[in-house]
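The block underneath contains the structure these notes are about, expressed in structure tokens.
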Amino acid sequence: MQRYDPKTIEPKWQKVWADEGTWEVSNDDPGNRPNAYVLEMLPYPSGEPHIGHLKTYSVGDAVAHFRRRHGHRVLHPMGYDAFGLPAENHAIRTGQPPRESTEASIRQFQKELREWGISIDWTREFGTHEPEYYRWTQWIFLRLFERGLAYRKEAAVNWCPKDATVLANEQVIDGRCERCGTPVEVRQLEQWFFRITEYADRLLEDMHTIDWPPHVVTMQENWIGRSEGAEVIFRCEELGIDYPVFTTRPDTLFGATFFVLAPEHPDVFRLSDAPEVHEYVNHAVRESAEERGDEHKEKTGVPLGRTVTNPVTGEQIPMFVADYVLMEYGTGAIMGVPAHDQRDYEFAKRFGLEIRRVVEPAEGEPAPEGEAFVGHSENERLVNSGEFSGRSSPEAVRAITAWLEERGLGKPAVNYRLRDWLLSRQRYWGCPIPILYCDECGMVPVPDDQLPVELPEVKEYAPRGRSPLATAEDWVNTTCPRCGGHARRETDTMDTFVDSSWYFLRYCDPRNDQAPWDREVLRRWMPVDQYIGGVEHAILHLMYARFFVKALADMDLLDVQEPFARLFTQGMITRDGAKMSKSKGNTVSPSEYVERFGADTLRCYILFIGPPSEDADWQDEGVGGVYRFLSRLWTVAAETAERTTPEDAVDGAPSDVLRKAHWAIDKVTRDMRDRFAFNTAIAAVMELVNEIYRQRESAPSGHLRFAVATAGSLIFQFAPHLGAEVYELMTGRRVWEEPWPEADPALLAREEIQLVVQLNGKLIDRVPAPATASSDELEELARSSDKLAARLNGKEIVRAIVVPGKLVNFVVR
RNA sequence: GCGGCGGUGGAGGAACGGCAGACUCGAUGGAUUCAAAAUCCAUUGCCCGAGAGGGCGUGUGGGUUCGAAUCCCACCCGCCGCACCA
């Protein structure tokens, strides 16, 4: 007898799918069949695929197959997020050009994705580093630029003084440069931004139109961080300047006893030129975000020797500069209400400022000692607040805001935590920003017909205080398309997140060289019906892609407001409870396991290990169990192929295997359709195979053949090679061309049930009962239980609860 | 601190108002084998009991319910995100 041999089965089917282009879909209107777009986040090609990739694509492939067998034409493409830092850092270390190492990695992905048997339409493949792709990334940048959604301004960035370069946030580890360990400084430099803040409200509101996991929705909501409140004007009479502040608590305005500016506030030196002010500001600005952001750090600051007017009390209150106020949020200035804000409280304590309570705790509630009172509900009432005293705190918010508005001293306002997206990188391996600086005309966008601005080859990748692109003199120096004079190219490149913010659009129409896409084609596929990826992208990538789609829709370039209708976020695979990493040496190499067990085993194992949405711990021994299961399925299929024929009828009295097969169809269908419960779906097929084993000598041959074929059909979406093989052995047909099986309701129902008998909710007995018995009949049957009689000993049954088809519960006294 | 998720056998997990522990691993015993591997069969939550049987069990404490792992409240522990955001 032969044995299950994935090494012959898997390449055999892979060849069929490759030769026939089985998973390719055209952009033609299919007419009768509905389209579906199933997409997994594109991989970042660095080294070899790891176990996380295997999980993502195993989940996505199961969804794609399930949809296909429900009659959909499924777009299921693949590409590579090829630009980015790891390839560049690798180049700096080894001298190997980023293009080479990236393309080597892409080849590895291409090979392994095929070995895994993922059902991809390879005709749509691309890398974001190809000029045919990034030409349109640049084109989109220019459209955003035209609309003022891409702009330049000075911003604080991380700067490593030793490497003389700007660093991305993720390159700053504990306040130090990840490469040389030098403490990072903050510098003000001109940078490119996307005006994502303009879309804050729509990004927030439209979350309700998409079906995403609640925790991702919450994370995005928190990231956008919308706060409602008021803008209030504090006037510095001496200089005649109005300083607006944002507050969420205008009800505490009567308690504002001081005023603070952020160290970066442009007016600080105008207000005070004192040496200690300069010293403080210089120190604060140089401090790392890490140090400055430490909540437990003692409050520091310097008085400016000036006052502003509290608009409701008319009092003059002192001005300070302090680093606990952030320039990026609100107006870069705050009113200090020490009685009702913990930070202001700490500051006031330090500087001996008046702490004036203007909101009283609810009756009977103690007033807090040694900290601010932040209560803000209908139960807290205002005191020491002139005409507003006695009002509840929320009521006072409205009344005081209205009062201010009437006098031109304030107005309702909304603030967001969200900042504009800093997209420029002083790096080589990225998409060039298509902008020129002309000696005469200033900043000039590269005309569309000159795109792409191709990334030139350079020899030295290490940044030296400016982008490595600056060393490519021939490339940098060019002529201005407006005046024909001398111009220099922008040498910054784009953040990799820009490339991945629209790739799902390009998949729809990947070879279009006239436009980034044909709108008509996009209409057929977008939005993505099911998007799948790691939760680590819950904020950045998923927010940026939404922003791009909204901006492009506003330009009338496409017809959807949201890119991803449904999102599934998978959990991480850990090993020994720890995140896998090369430095820990606890990584699992998929190719090693594919070599030993075959791709089907690995794919099933990764889905069987637990709910795919949760983190799961890799256990080597578990892989063997799944291999055993697939072997058993193959063995029983080979055996059944010899002993029975496809012509054997599925008739006669229902056997246990036949019932189990229909039960499995029903279970797998529900697990796949209603939730991503692939682990229990696989367990159901395991149960079916176990049942087949028990019954394989006794079951009618037609039933046996049907049950084995069903097991092949159901496992196909997780183990496509074996599923196809088993199904062909049993039926001579191709499983992916078959519709999804349907369970026969008549075979799901049993004639006899085990009626559960409970006493006060506790199980005491099980008695056989007809499935169709009425409630009265069930109660009678339960009453006749011997165990019930033995337990009752004199107690009285006061009530019987009958759950038809399930149980009878007797309540006794 | 704020927000989110989660605590079930020796391990991963299942059940998500109605039989707690499906399925898999591990362990133990048996068959097969000269032997091992592989394979197959059986047992496997804990405690008492020779057995029949009984008791206890889903982080802790309350509550709702005929009935709670499941719903509600409080707390403890773990993980993730954000964090001086006014």
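Residue numbers start from 1 in every chain, and the chains themselves are labelled A, B, ... in the order their sequence lines are given, proteins ahead of strands. FYI, side chains are in, hydrogens and waters are out, and symmetry mates aren't considered; it's all heavy atoms of this structure.
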Counting heavy atoms from C-beta on, name the nucleotide in [options] closest to the side chain of [X].
X: A/I801; options: B/C56, B/C66, B/A86; result: B/C66
X: A/R3; options: B/A38, B/C84, B/C82; result: B/A38
X: A/K299; options: B/C84, B/A86, B/U24; result: B/C84
X: A/F608; options: B/A86, B/C56, B/U24; result: B/U24
X: A/N222; options: B/G81, B/C66, B/C84; result: B/G81
X: A/A683; options: B/A86, B/G81, B/A22; result: B/A22

If I take atom [atom1] in residue [X] and atom [atom2] in nucleotide [N], what distance separates them, rounded to the nearest angstrom?
X: A/I764; N: B/A20; atom1: CD1; atom2: P; result: 12 Å
X: A/K762; N: B/A68; atom1: NZ; atom2: P; result: 11 Å
X: A/L630; N: B/U24; atom1: CG; atom2: C1'; result: 12 Å
X: A/E796; N: B/C66; atom1: CD; atom2: P; result: 17 Å
X: A/E328; N: B/A86; atom1: CD; atom2: P; result: 13 Å
X: A/M335; N: B/C84; atom1: CE; atom2: P; result: 20 Å
X: A/I224; N: B/G81; atom1: CD1; atom2: P; result: 19 Å
X: A/L755; N: B/G18; atom1: CG; atom2: P; result: 16 Å

With sugar-phosphate taken as primed atoms, P, OP1 and OP2 and all else as base, the protein-contact string of nucleotides 4-11 of chain B at under 4.0 Å (heavy atoms; B, S, -) is S------S

In whole angstrom, give me the gap between the [atom1] atoms of [N] and [M].
N: B/C75; M: B/C2; atom1: P; value: 11 Å
N: B/U70; M: B/U58; atom1: P; value: 9 Å
N: B/U44; M: B/A38; atom1: P; value: 24 Å
N: B/G6; M: B/G17; atom1: P; value: 14 Å
N: B/G51; M: B/G59; atom1: C1'; value: 36 Å
N: B/G78; M: B/C73; atom1: P; value: 23 Å
N: B/G81; M: B/C72; atom1: C1'; value: 27 Å
N: B/G45; M: B/C34; atom1: P; value: 35 Å

By the rule that syn is within 90° of 0, classify the base conformation of B/G13 as syn or anti.
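Here B/G13 takes the anti form, which means its glycosidic angle is more than 90° from 0.
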
Does OP1 or OP2 of [N] have a side-chain N or O of [X] closer than 4.0 Å?
X: A/K806; N: B/G17; result: no
X: A/R799; N: B/G67; result: no
X: A/N690; N: B/U24; result: yes
X: A/R628; N: B/U39; result: yes

With ring-ring contact (aromatic ring centres under 6.0 Å, His included) as the test, pick out the partner of A/Y605 among A/W618, A/Y627, A/F629.
A/W618

Check whether [Y] forms a cation-pi arrangement with [X] (NZ or CZ under 6.0 Å from the six-membered ring centre, at most 45° off the ring normal).
X: A/R696; Y: A/Y693; answer: yes
X: A/K299; Y: A/Y324; answer: yes
X: A/R596; Y: A/Y593; answer: yes

Contact class for [X] (heavy atom, under 4.0 Å): base, sugar-phosphate, or nothing?
X: A/R632; value: sugar-phosphate
X: A/V803; value: base
X: A/S227; value: sugar-phosphate
X: A/I609; value: sugar-phosphate
X: A/V626; value: nothing
X: A/N415; value: nothing

Do A/R632 and A/N690 have a side chain donor and acceptor closer than 3.5 Å?
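The answer is yes; a qualifying pair exists.
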
Between A/S393 and A/D251, does any side-chain donor sit less than 3.5 Å from a side-chain acceptor?
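The answer is yes; a qualifying pair exists.
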
Would you call the rings of A/H541 and A/F497 parallel, tilted or perpendicular, taking 30° and 60° as the class edges?
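A/H541 vs A/F497 ring planes: parallel.
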
In terms of ring plane angle, is the pair A/F259 and A/Y243 parallel, tilted or perpendicular, where the classes change at 30° and 60°?
tilted

Between A/R694 and A/E691 (salt bridge meaning N to carboxylate O under 4.0 Å), is one present in this structure?
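A/E691 and A/R694: salt-bridged.
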
Give a yes or no on whether a salt bridge exists between A/D656 and A/K660, defined as a side-chain N under 4.0 angstrom from a carboxylate O.
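Here A/D656 does not pair with A/K660 in a salt bridge, since their nearest N and O are not under 4.0 Å apart.
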
Whichever of A/G625 and A/E687 has its nearest RNA chain B nucleotide further upstream toward 5'
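Nearest-nucleotide comparison on RNA chain B picks A/E687.
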
Contact nearer the 5' end of RNA chain B, comparing A/Y693 with A/M219:
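This one resolves to A/Y693.
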
Would a 4.5 Å heavy-atom cut-off, applied to side chains only, mark A/W212 and A/T569 as touching?
no

Got A/H208 and A/V217 here, is their nearest side-chain heavy-atom distance under 4.5 Å?
no

Listing time: all N or O pairs from protein to nucleotides 14-16 of chain B that are below 3.5 Å?
unit_1	atom_1	unit_2	atom_2	d
B/A14	OP1	A/N679	ND2	2.8
B/A15	OP1	A/R675	NH2	2.9

When both hydrogen-bonding distances must be under 3.5 Å and the geometry is Watson-Crick or G-U wobble, what is [N] paired with, if anything?
N: B/C66; answer: B/G18
N: B/U43; answer: B/A27
N: B/A35; answer: none
N: B/A50; answer: none
N: B/G6; answer: B/C77
N: B/G1; answer: B/C82

Do you know which two heavy atoms are closest between A/A743 and A/L748, and how far apart they sit?
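Closest approach of A/A743 to A/L748: CB-CD1, 4.1 Å.
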
Donor-acceptor pair (no angle test) under 3.5 Å: A/Q342 side chain, B/G1 base:
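Under the 3.5 Å cut-off, the side chain and the base do not form any donor-acceptor pair.
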
Is the distance between the ring centroids of A/F351 and A/F258 under 6.0 Å?
no

